[in-house]
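Residue numbers run from 1 in the order of the sequence given.
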Amino acid sequence: MTEYILYTDGGSRGNPGPAGIGFVLNHGFVKSCDGGAPIGDATNNVAEYKALIWGLENALALTITHLEARADSELLVKQLNGEYKVKNAALKPLFLDALNLSKQFEVCEFVHIPREENEEADALANEAMDALGQVGNPVQPYQIPNSLFDFESGELSEELEECNSVNTFRNEEAQPPVSTGIYTLTVKDHFDAAHFLYDYPGECRHLHGHTWDIEVSVESFQLCELGMVYDFALLKEDLKAVLSRYDHKHLNEIEPFDTISPTAENLARIIFEELTETITQPGVAVTEIAVWESPIAKLTYRLR
């Protein structure tokens with residue numbers, strides 16, 4: 001069987017700035033299709049992901065089952081191969097789109113190549129930027145994404161990464177089909193601490209205490225081989241580990257609250273970021289943190 005090879009590249013003039021994407025899909029030594037498109041202002045990394053997504057969509061449109069996807073972005077390849085975590089919020093929905101598309105092939109491998117082996121895809125991206133329009137002969141024309149996971153399209157933006165080591169898909173046969181729904185898990189814990197608010201005009205400028213109830217929600221569109229999104233017990237442990245840094249402490253003495261006010265808003269965002277760092281496996285990710293400052297006062301932080 002002659003292998004299908006997909007070359008993709010994306011770039012930005014300014015990073016961020018005007019950006020373009022390109023792909024070339026070959027069947028052996030024969031070109032199946034190619035394309036280039038401008039995507040507006042974007043970073044280099046966003047352009048790299050959008051080029052890959054477009055290339056994968058074209059490969060699927062041709063009903064290809066076995067694919068080797070090559071790119072000169074080491075970050076993109078290592079993230080999709082699970083070697084690097086996806087920390088950038090703008091990349092997470094694109095990562096999930098690419099991962100979801102890749103699972104629709106029987107085999108899809110991501111390979112890093114040097115830039116000199118990717119000149120054709122790079123040329124198409126630059127040609128599209130210069131022409132301010134699509135070039136090449138794609139089977140599936142480029143369209144503005146309307147992904148469930150796309151922040152930039154204004155749709156619901158979910159950050160999802162895969163099951164943890166207990167629930168990891170062990171092999172392809174164990175993987176259940178991709179679901180069109182979203183699973184949400186929520187657990188709750190609390191911590192007690194003292195704080196004061198910098199420059200606040202009311203009583204909260206003085207040192208006082210709270211019992212903060214913290215809710216964390218994680219989501220995924222797929223289940224692992226055990227039929228789970230993420231073990232409730234593990235999620236509770238993850239939340240407790242993050243909150244232990246604050247429990248029975250003076251928050252203003254703990255980074256970053258020694259420089260920013262420990263409001264419910266900042267607490268929710270910082271806890272969100274810390275849990276996102278903790279839960280790193282593809283397929284599952286934090287989507288919302290709720291901070292209850294009292295039984296009748298709740299603040300929620302989530303990605304828009």
Side-chain angles (χ1 to χ4, degrees), residues 85-89 92-93 96 148-149 151 154-161 163-164 166-167 181-221 228-281 283-304:
K85 294 188 291 185
V86 185
K87 297 182 179 181
N88 186 289
K92 288 183 178 181
L96 289 167
L148 178 64
F149 307 109
F151 297 138
E155 298 294 318
L156 179 63
S157 56
E158 316 297 353
E159 329 169 41
L160 313 171
E161 298 166 52
C163 286
N164 54 46
V166 174
N167 298 332
I182 297 290
Y183 299 95
T184 302
L185 276 68
T186 302
V187 300
K188 187 176 183 179
D189 204 341
H190 72 275
F191 70 94
D192 299 295
H195 78 155
F196 62 87
L197 303 184
Y198 303 123
D199 302 320
Y200 186 75
E203 292 300 317
C204 290
R205 70 181 183 275
H206 303 301
L207 185 65
H208 61 285
H210 285 283
T211 294
W212 278 280
D213 286 320
I214 308 296
E215 294 177 3
V216 54
S217 294
V218 300
E219 297 187 355
S220 180
F221 60 87
M228 302 171 69
V229 173
Y230 196 78
D231 194 322
F232 274 113
L234 291 175
L235 185 56
K236 291 175 184 177
E237 288 178 7
D238 292 336
L239 179 58
K240 185 173 292 294
V242 168
L243 298 186
S244 65
R245 193 163 81 94
Y246 308 113
D247 192 34
H248 288 85
K249 303 289 178 56
H250 183 183
L251 296 185
N252 300 75
E253 297 176 351
I254 301 174
E255 291 185 355
F257 303 115
D258 54 345
T259 56
I260 64 172
S261 201
T263 60
E265 289 83 353
N266 283 331
L267 267 172
R269 178 176 56 82
I270 296 302
I271 292 171
F272 185 104
E273 292 171 356
E274 291 176 337
L275 278 167
T276 298
E277 290 285 328
T278 301
I279 302 172
T280 59
Q281 284 72 29
V284 176
V286 181
T287 54
E288 184 172 290
I289 294 291
V291 174
W292 288 88
E293 198 167 76
S294 75
I296 60 171
K298 172 184 175 182
L299 181 284
T300 301
Y301 178 85
R302 61 181 177 273
L303 295 178
R304 62 182 177 86

### Query
Do you know the tightest heavy-atom contact between N266 and S261?
ND2-O, 2.8 Å
### Task
Provide the closest heavy-atom pair for T300 versus A290 in the form atom of the first, atom of the second, distance.
OG1-CB, 4.1 Å
### Message
Take a 6.0 Å sphere around NZ of K249 and say whether it holds more than 12 heavy atoms from other residues, nucleotides or ligands.
### Response
yes
### Task
May I have the step-by-step check of side-chain contact (heavy atoms from CB on, under 4.5 Å) for Y230 and D238, ending in yes or no?
CA-CA 11 Å; Y230 196 78; D238 292 336; 2.5 Å; yes
### Message
Whether the H208 and H206 side chains hold a donor-acceptor pair (N or O, under 3.5 Å, no angle test) is what I'd like checked.
### Response
no
### Plane angle bin for W212 and F191 - parallel if under 30°, tilted between 30 and 60°, otherwise perpendicular
parallel
Evaluate the side-chain proximity of [Y] to [X]: yes if any heavy-atom separation is below 4.5 Å, no if none is.
X	Y	value
L207	H195	no
I214	L267	no
V291	K298	no
V216	V286	yes

### Task
Only one of I289, D189, I271 passes side-chain contact (heavy atoms from CB on, under 4.5 Å) with V242; say which it is.
I271
### Query
Does T186 have any side-chain hydrogen bond (donor to acceptor under 3.5 Å, both in side chains) partners at least two apart in sequence or in another chain, and if so, which?
S217
### Task
Could you list the residues that satisfy side-chain hydrogen bond (donor to acceptor under 3.5 Å, both in side chains) with N252, not counting sequence neighbours?
Y198, H250
Look only at the side chain of [X] and the backbone of [Y], and say whether a donor-acceptor pair between them is shorter than 3.5 Å.
X	Y	result
D247	D192	yes
T278	E274	yes
S294	I296	yes

To the nearest 0.5 Å, what is the distance between [atom1] ([X]) and [atom2] ([Y])?
X	Y	atom1	atom2	result
D213	E293	CG	CD	11.0 Å
L197	L251	CG	CG	10.0 Å
K188	W292	NZ	CH2	6.5 Å

### Message
Between the side chains of E265 and R269, is the shortest nitrogen-to-carboxylate-oxygen separation below 4.0 Å, so that they form an ion pair?
### Response
no
### Task
For R302 and T287, run side-chain contact (heavy atoms from CB on, under 4.5 Å): C-alpha distance rounded to whole Å, both residues' side-chain angles, the deciding distance at 0.1 Å, then the answer.
CA-CA 6 Å; R302 61 181 177 273; T287 54; 5.9 Å; no
### Task
Begin with the C-alpha distance, continue with both residues' side-chain angles, and end with the deciding distance and a verdict on side-chain contact (heavy atoms from CB on, under 4.5 Å) for K85 and E277.
CA-CA 9 Å; K85 294 188 291 185; E277 290 285 328; 3.4 Å; yes
### By ring-ring contact (aromatic ring centres under 6.0 Å, His included) - contacts of F257 (at least two apart)
none
### Message
side-chain contact (heavy atoms from CB on, under 4.5 Å), that's the test. Do K236 and V187 meet it? Break it down for me.
### Response
CA-CA 6 Å; K236 291 175 184 177; V187 300; 4.0 Å; yes
